[in-house]
Amino acid sequence: MTGVAPLKSGAPADGGPAPPPAAPARRRGRRAGFDRVSLIVVFVGVPFAGYVLLVLYPFTQAAFYSLTAWTGFSPDQPFVGLDNYTRIFADNLFLQALGNSVLLLVVVPLVTLTLSFALAALVTFGGPTTGAVRGLGSSSFYRVVSFFPYVVPAIVIGIIWSQIYNPANGLLNGALTTLGLQRFQDFAWLGQADTAMAASTVVIIWSFIGFYMVLFVAAIKGIPAELFEAARLDGAGRLRSAVHVAIPGIAGSIRTAYIYMGILALDAFVYMQALNPSGGPDNSTLVITQQIYRTAFSQGQFGLACAMGVVLAVVTFLFVAAIFTVSRLLRGPLESRT
Amino acid sequence: MSTLALQRPKRAPASRSSSSSGRSERAVGATSHAVLVIWTVLVIAPLLWTVMSSLKTSREIFASPFSLPSSPQFVNYVNAWQSAGIGRFFANSVIVVSSALVITMLLGAMSAYVLARFRFPGRGLIHTLIIAGLTFPVFLAVVPLFFILQQIGVLNTLPGLVLSYAAYAFPFTVFFLTSFFRDVPDEIAEAAALDGASEWRTFFQIMLPMAAPGMASVAILNFVGLWNQFLLPVVLNSDRDNYVLTQGMAAFASQAGYSVDFGALFAGAVLTIIPVLILYLVFQRRLQGSMAQGTSK
C-alpha cells in the first residue's frame, strides 16, 4: 500500500490530485495532508538519519574496513581482499579468544537461565501443594533482593568480585578457610589457568540470575492458574508442572532471554576487562571482544580488528538463528502436550 | 502484581487432603525456603561486604576480610570523591546520561508513534532496520564510530558521548514504545482530529501524555543501561577530564596496581551503585511489571 494513510482505518479512499500522498480516511484537505507528511518526515526522518549515521553506517563501514589493511591514521586504505580473514584464522591467539567466547556462549545462558527458572518456579508455584497453587511466602522480598545485581554497573561488579577473589584478603578465601578448608588460603582463583575462566563465568552468571528470575516470575504469573490446577488434578508434582505447564507457557520469554544472554555472553568485555584485563593466565579468559579492542586501539590494526568484529557478528547471527530454529522445532511437541 | 503468587482466591478444587504425608510436604517447603535463603545470602553478602570494606582502613582490609571497621572511615568516601576524581566523573555521568535520555526518549517516542500508527512507503523497512539494531554486536561498530565522531569533531567530548548513547539506546526505545502507541484506541486520535487538532498537536498534547506510563518504564530501563555503559565511553572518550563514572572506576581500580587505596576503591563502588539502587527501589514495581510486558511480545 502506498500513500500516507492512518494505519488502522482500512483502505485509503482516493486521495485525488496533489498534494501527493493525501490522507483521506479522515477528510481534512490539503492542510491536513501537509500536516501529516511533515509529521512523518520529521518524526521518523530526523531520528532515523541520526541512527543511520551513528549505528547502521558504522556497521557497513566495518565490513568494508575488514577487507583493507587500514591502520586508522593513514589516509590510504589498501584493499587486501580476504587477507585479514586468513590471517586471523591462522592466529592462535584469536582462535583461543574465539573459543573462549563460544564456551561462554554455550555455558552462560544455559546455566543462568536454568537457575533463574528454578528460582522463579520456587517463588511462583513451588509452594505447598495443598490449597491453591501458590509460591513460597515472602516471595516479593526474594524478587526485590534478587534484582540488586542488575542495577550494579557491570564494571563495579567486576571490581567487587576481583576483590572477593583476592587470594590474601578476599571474601571467598576468607569464608572457605573459616569453614576449615585451609588449602584455599592464598588460592589465586583468577591467577590460575584452570580456575580463572570458571571464576569469571560465575561472576557473569551471578549478575543476571536475579534479573531473569524476576522476568520469569512475571511471565509465569501470566499463565492461567487453571492450567496449573488441571496439571495437579492429573497428579503432576512440582517438577512435572514446571516441565509441562510453566516452560511451554513462557516459551516466548525464555527465547528472548536466551538471545539476550547469548549476545551478552559473546560480549563479556566489561567483566573480563575488570577481572583480568590482560586476558588471564595463559590467555585462558581472553575473549574475542578484548582481542578486538586490543587489536584496534592498542595495535592500531583497524582492518584486522574489523575482520574480527565481522566474525563476532556472524557468530551472533548464527546463534540467534539457531535459537529461533530450536524454539520452532520445540514448539510443536510442547504445544500438543498441553 | 503485588500479591505473592498466582492470584487464586478460592481453594483449588482438588487440594490433596492433609493425609498425603504432611511431613514430606513440609520437608519440600523447608528445602525450597533454604534454597532461596542461600541465594539471597549469595546476592547480598558481596554487596554488604563492599559497604563494610568501604569503611575500613587499607590495613584493616589486608588484615581480615571479616573484621568490622574499628571506627568507620568516612574519609574513604572523601578520598574517593575528591582525590580519585569520582565526584567529577559522577557529574559527567549525570550530564551525559540525562541528556542522552531526554534525546533518545523524545526521538524514540516520535518515531515509535509514527511507525505504530501511520502507513507510508518504507515503513516496514525502517522498522526492521531499527529493530535489527538490537542484535548487532556494538563491538563491530565502535571502530568506525570512533572515526565518524572524529570527523564530526566530537570525539573525546561529552556531546559526542551523548549522541552515541542516544543513538545506541534508540532501537530499544522504539521497540518498546511502538507497542504502547499501537494500543492507544483510534477513537482518541479521531476525536482530536474532529476538534481540529493538527497531527503535531495530537502527538504532543494527547498521545505523549497517554504513553507516559510506558515512557517511564523505558526511561528507567534506559537509565540503568546508560549509567552502566562501559564500552562506548572507553572507546570514544579517552580524555580523563571527561571520564564517566564507570570509566573512572575502571581507571581507579587499575591505575596503581597494589598501591590502590582499597578503602576508597570500595567507597567509590558504593557511590556508583547508590543512585541506581535508589531509583530501582523507588520504581521497582513498575519496572518489574513492564519488563514482563516487553519481553512477552
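Residue numbers start from 1 in every chain, and the chains themselves are labelled A, B, ... in the order their sequence lines are given, proteins ahead of strands.
- Using bins of under 30°, 30° to 60° and over 60° for the plane-to-plane angle, the ring pair A:W70/B:F147 lands in the tilted bin.
- When side chains are defined from C-beta on, A:L39 counts as touching B:V114, because their heavy atoms get closer than 4.5 Å.
- Within the 4.5 Å cutoff, no side-chain heavy atoms of B:L107 are placed close to those of A:V44.
- For the pair B:V174/A:Y51, no side-chain contact is recorded, criterion being any heavy-atom separation below 4.5 Å from C-beta on.
- The part of B:F170 that comes within reach of chain A is its side chain, from C-beta onward, which places non-hydrogen atoms under 4.5 angstrom from that chain.
- Between the CZ atom of B:F262 and the CG atom of A:N169 there is a distance of 7.0 Å, given to the nearest 0.5 Å.
- B:L245 places none of its side-chain heavy atoms less than 4.5 Å from the side chain of A:P153.
- Here the shortest heavy-atom pairing between A:V151 and B:L277 reads CG2-CD1, 3.7 Å.
- Only the side chain of B:L281 comes within contact range of chain A, judged by heavy atoms closer than 4.5 Å.
- Across all their heavy atoms, A:P58 and B:A141 have their closest contact at CB-O, 3.7 Å.
- Using a 4.5 Å cut-off between heavy atoms, A:I164 contacts chain B through both its backbone and its side chain.
- Contact tally against chain B (heavy-atom pairs below 4.5 Å) for A:V42, A:V320, A:N173: the top residue is A:V42.
- Taking B:T272, B:L194, B:L231, B:V142 one by one and counting their heavy-atom pairs under 4.5 Å with chain A, the maximum is reached by B:T272.
- When the candidates A:G170, A:A274, A:A305, A:S66 are compared by the number of heavy-atom contacts under 4.5 Å with chain B, A:G170 comes out ahead.
- Of the two parts of B:I44, only the side chain, counted from C-beta on, holds a non-hydrogen atom closer than 4.5 Å to a non-hydrogen atom of chain A.
- With contacts defined as side-chain heavy-atom distances shorter than 4.5 Å, the pair A:F48/B:S111 does not qualify.
- A:Y271 places none of its side-chain heavy atoms less than 4.5 Å from the side chain of B:F230.
- Contact count versus chain B (heavy atoms, under 4.5 Å) is highest, among A:L266, A:I155, A:L172, A:I263, for A:I155.
- With a 4.5 angstrom heavy-atom cutoff, B:L149 touches chain A only via side-chain atoms.
- For the set A:A296, A:A313, A:G158, the count of heavy-atom pairs under 4.5 angstrom toward chain B peaks at A:A313.
- For the atom pair OG1 of B:T135 and OH of A:Y260, the computed distance is 9.0 Å after rounding to the nearest 0.5 Å.
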*Decide yes or no on side-chain contact (heavy atoms from CB on, under 4.5 Å) for A:I40 and B:E199, but give the supporting numbers first.*
CA-CA 10 Å; A:I40 291 173; B:E199 295 288 357; over 6 Å; no
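- For a residue to count as touching a neighbouring chain, one of its non-hydrogen atoms must lie under 4.5 Å from one of that chain's; by this rule B:L145 touches chain A with backbone and side chain alike.
- Interface check for chain B: of the options A:T316, A:I209, A:D267, A:I250, the most heavy-atom pairs under 4.5 Å are formed by A:I209.
- Across every non-hydrogen atom of A:W206 and B:W39, the tightest pair is O-CH2, 4.2 Å.
- Looking at B:W49, its side chain never comes within 3.5 Å of a backbone N or O of A:I160 through a donor-acceptor pair.
- With a 4.5 Å cut-off on non-hydrogen atoms, A:T289 touches chain B through its backbone and its side chain both.
- In this structure, the separation between CZ on A:F141 and CG on B:L36 is 10.0 Å, given to the nearest 0.5 Å.
- Of the listed residues B:I103, B:L129, B:T40, the one with more heavy-atom pairs under 4.5 angstrom with chain A than any other is B:L129.
- Looking only at distances, a side-chain donor or acceptor of B:Y168 sits under 3.5 Å from a matching main-chain atom of A:L54.
- A 4.5 Å side-chain heavy-atom check between A:Q163 and B:L265 finds at least one atom pair inside the cut-off.
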*Kindly determine whether A:V152 and B:V276 satisfy side-chain contact (heavy atoms from CB on, under 4.5 Å), including the steps that lead there.*
CA-CA 7 Å; A:V152 179; B:V276 208; over 6 Å; no
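- With a 4.5 angstrom heavy-atom cutoff, B:I152 touches chain A only via side-chain atoms.
- When the candidates A:I259, A:T60, A:V46, A:V145 are compared by the number of heavy-atom contacts under 4.5 Å with chain B, A:V145 comes out ahead.
- The minimum heavy-atom distance between A:V144 and B:Y280, with the atom names listed, is O-OH, 3.1 Å.
- Aromatic ring centres of A:F297 and B:F146: separated by under 6.0 Å.
- At a 4.5 Å heavy-atom cutoff, the contact between B:W200 and chain A is made by backbone and side-chain atoms alike.
- Interface residue A:F317: only side-chain heavy atoms are found under 4.5 Å from chain B.
- The most heavy-atom pairs under 4.5 Å with chain A, out of B:A112, B:P171, B:G122, B:A132, come from B:P171.
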*Given the rule in the side-chain contact (heavy atoms from CB on, under 4.5 Å) test, do B:V35 and A:L119 qualify, once you have shown the distances and angles that lead to the verdict?*
CA-CA 8 Å; B:V35 169; A:L119 290 171; 4.1 Å; yes
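- There is no contact between A:I288 and chain B, counting heavy-atom distances below 4.5 Å.
- The two residues B:F139 and A:I292 have their closest heavy-atom pair at CD2-CG2, 3.9 Å.
- The two residues B:P46 and A:L171 have their closest heavy-atom pair at CA-CD2, 4.4 Å.
- For the pair A:D35 (side chain) and B:S198 (backbone), a donor-acceptor distance under 3.5 Å is absent.
- Proximity to chain A is limited to the side chain of B:L47, based on heavy atoms less than 4.5 angstrom apart.
- A distance below 6.0 Å separates the ring centres of B:F203 and A:F43.
- Proximity to chain B (any heavy atom under 4.5 Å) is restricted, for A:V156, to the side chain, taken from C-beta onward.
- Residue contact with chain B, scored on non-hydrogen atoms closer than 4.5 Å, is absent for A:A257.
- At least one side-chain heavy atom of A:Y142 sits under 4.5 Å from a side-chain heavy atom of B:V37.
- Contact annotation for B:T50: only side-chain heavy atoms (C-beta onward) come within less than 4.5 Å of a heavy atom of chain A.
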